[in-house]
Colleague: 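So that we are looking at the same thing, I have put the structure below in structure tokens.
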Amino acid sequence: FQFATNGCFIIGPDYQLMENGDRLNFNAAYRRYCNISGPAYFNGHQSCIVLPDPSERDRYYLIHNSKYWGDSAGTAAMLYTHIDMQANGGLGRVTSKNNVLVGDSSIYGTVLTAVKHANGKDWWLINPLLYENGYVRFLLDSNGFSEPMYQYDIGRDWDPNGNYGCAAQFTPDGKKYIRWNSDDGTFIYRFDRETGLLSDFQWLDNRIDTSFLVFAGMAGSGRGRACR
């Protein structure tokens, strides 16, 4: 165990607040969820992810979607925080936090996921858009994050007002990207780990007729032939 976050702050391996690890996602929603309603920041399923820094050992990027005020699946911004686990004798230090990757509410607040680049060192980070049929992706390499790259009009429209207890995952070989929720069913794409582009869309109609918020998990088989 190295560190963890509840969306409000980061704790280290001693389960204490990490140096400079407070005020994560600091905005109006932070003041609601972290100070008034409880000790956790609610933004949805898969709203943060940790990736290793390709340029330095024991350093990590925490990517997190910051929620705007309200209970929508949208976000105020996509942010990243950098963590140095060599600092403080292995207890860690947040070296910078709440840096902006996407500074608006255009992205879906959940199903943030990542996969290794074809070179086996760098990473692709991908997140759906909220109101458009499209995705935003970033390349994380030794220079840090790239500018946002967008891909539009691939597959079916996703209902922005639908059930946001959803899930997304890459198959273990990184060749397919799969996304599901109860209102839209399963979206399956081929993924190019060299370019980061999606293609060959397939739709599996396994929608669930329900008025309840349905949360789900997802895992692909080792050969990428099945997903549950």
Side-chain angles (χ1 to χ4, degrees), residues 44-57 59-65 73-75 77-82 99-160 166-181 184-204 218-228:
H45 209 46
Q46 292 182 234
S47 58
C48 69
I49 192 171
V50 175
L51 296 176
D53 186 335
S55 67
E56 298 182 274
R57 291 186 58 186
R59 290 169 174 81
Y60 299 89
Y61 288 96
L62 170 65
I63 303 97
H64 42 107
N65 286 335
T75 65
M78 180 188 286
L79 310 173
Y80 74 87
T81 291
H82 192 258
N99 303 285
V100 176
L101 286 173
V102 178
D104 56 46
S105 59
S106 64
I107 59 174
Y108 205 70
T110 66
V111 298
L112 174 64
T113 191
V115 68
K116 271 195 172 182
H117 188 280
N119 63 21
K121 178 183 177 182
D122 303 327
W123 291 85
W124 288 110
L125 178 72
I126 187 168
N127 203 109
L129 302 180
L130 180 60
Y131 296 111
E132 297 181 80
N133 178 0
Y135 295 82
V136 62
R137 70 188 187 278
F138 295 87
L139 179 64
L140 173 60
D141 60 18
S142 59
N143 296 314
F145 287 99
S146 69
E147 293 296 315
M149 295 174 272
Y150 293 89
Q151 184 177 5
Y152 297 99
D153 300 323
I154 174 74
R156 292 168 55 93
D157 289 339
W158 186 274
D159 183 2
C166 48
Q169 189 63 267
F170 285 95
T171 53
D173 60 10
K175 293 181 179 180
K176 290 184 179 179
Y177 171 79
I178 304 171
R179 181 183 175 197
W180 177 90
N181 83 0
D184 296 284
T186 302
F187 289 15
I188 305 172
Y189 304 87
R190 188 177 300 279
F191 185 76
D192 187 327
R193 293 173 58 211
E194 187 70 43
T195 64
L197 291 172
L198 300 166
S199 63
D200 298 340
F201 171 76
Q202 299 178 56
W203 178 53
L204 177 61
M218 184 180 294
S221 70
R223 295 184 179 180
R225 294 181 180 177
C227 186
R228 293 184 177 181

Colleague: Show the nearest heavy-atom pair for residues Leu62 and Cys48, with the distance to one decimal.
Modeller: CD1-CB, 4.2 Å

Colleague: Does any part of the side chain of Leu197, heavy atoms only, come nearer than 4.5 Å to the side chain of Arg137, both counted from C-beta?
Modeller: yes

Colleague: Measuring from Arg179:CZ to Ile188:CD1, what's the distance to the nearest 0.5 Å?
Modeller: 13.5 Å

Colleague: Kindly determine whether Leu79 and Asn65 satisfy side-chain contact (heavy atoms from CB on, under 4.5 Å), including the steps that lead there.
Modeller: CA-CA 6 Å; Leu79 310 173; Asn65 286 335; over 6 Å; no

Colleague: Decide yes or no on side-chain contact (heavy atoms from CB on, under 4.5 Å) for Arg156 and Asp184, but give the supporting numbers first.
Modeller: CA-CA 9 Å; Arg156 292 168 55 93; Asp184 296 284; 6.0 Å; no

Colleague: Mind checking whether Tyr189 and Tyr177 have parallel, tilted or perpendicular rings, split at 30° and 60°?
Modeller: tilted

Colleague: Examine Tyr80 together with Tyr61 and report whether their ring centres are nearer than 6.0 Å.
Modeller: yes

Colleague: Give me the atom names and distance for the closest heavy-atom approach of Phe138 to Ser146.
Modeller: CD2-O, 3.3 Å

Colleague: To the nearest 0.5 Å, what is the distance between CH2 on Trp124 and CG on Asp141?
Modeller: 9.5 Å

Colleague: Looking at every non-hydrogen atom in both residues, tell me the closest pair between Leu129 and Tyr135 and how far apart they are.
Modeller: CG-N, 3.9 Å

Colleague: So which heavy atom on Ala118 is nearest to which on Glu194, and how close?
Modeller: CB-OE1, 3.6 Å

Colleague: Quick check for you: to the nearest 0.5 Å, what is the distance between Leu101 atom CG and Phe145 atom CZ?
Modeller: 5.5 Å

Colleague: Would you please classify the geometry between the Tyr150 ring and the Tyr152 ring as parallel, tilted or perpendicular, with 30° and 60° separating the classes?
Modeller: parallel

Colleague: Mark yes or no for whether His64, through its side chain, and Ile49, through its backbone, hold a donor-acceptor pair below 3.5 Å.
Modeller: no

Colleague: To the nearest 0.5 Å, how far apart are CZ in Phe170 and CD1 in Ile178?
Modeller: 10.0 Å

Colleague: At what distance, to the nearest 0.5 angstrom, does CD1 of Ile63 lie from NE2 of His82?
Modeller: 10.5 Å

Colleague: Of all the heavy-atom pairs spanning Gln169 and Thr113, show the shortest one and how long it is.
Modeller: OE1-OG1, 4.0 Å

Colleague: Is there a side-chain contact between Leu125 and Met78 in this structure, where contact means two heavy atoms from C-beta onward sitting under 4.5 Å apart?
Modeller: yes

Colleague: More than 12 heavy atoms of other residues, nucleotides or ligands under 6.0 Å from CZ of Arg190: yes or no?
Modeller: no

Colleague: Would a distance-only check, ignoring hydrogens and angles, find a side-chain to backbone donor-acceptor pair under 3.5 Å from Arg193 to Lys116?
Modeller: yes

Colleague: Do Tyr60 and Leu51 make a side-chain contact, defined as non-hydrogen atoms from C-beta onward lying under 4.5 Å apart?
Modeller: no

Colleague: Leu198 and Ile154: which non-hydrogen atoms are nearest, and at how many Å?
Modeller: O-CD1, 4.0 Å

Colleague: Could you check whether any side-chain heavy atom of Phe187 comes within less than 4.5 Å of a side-chain heavy atom of Trp203, counting everything from C-beta outward?
Modeller: yes

Colleague: Hey, does Pro54 have a side-chain heavy atom less than 4.5 Å from the side chain of Leu140?
Modeller: yes

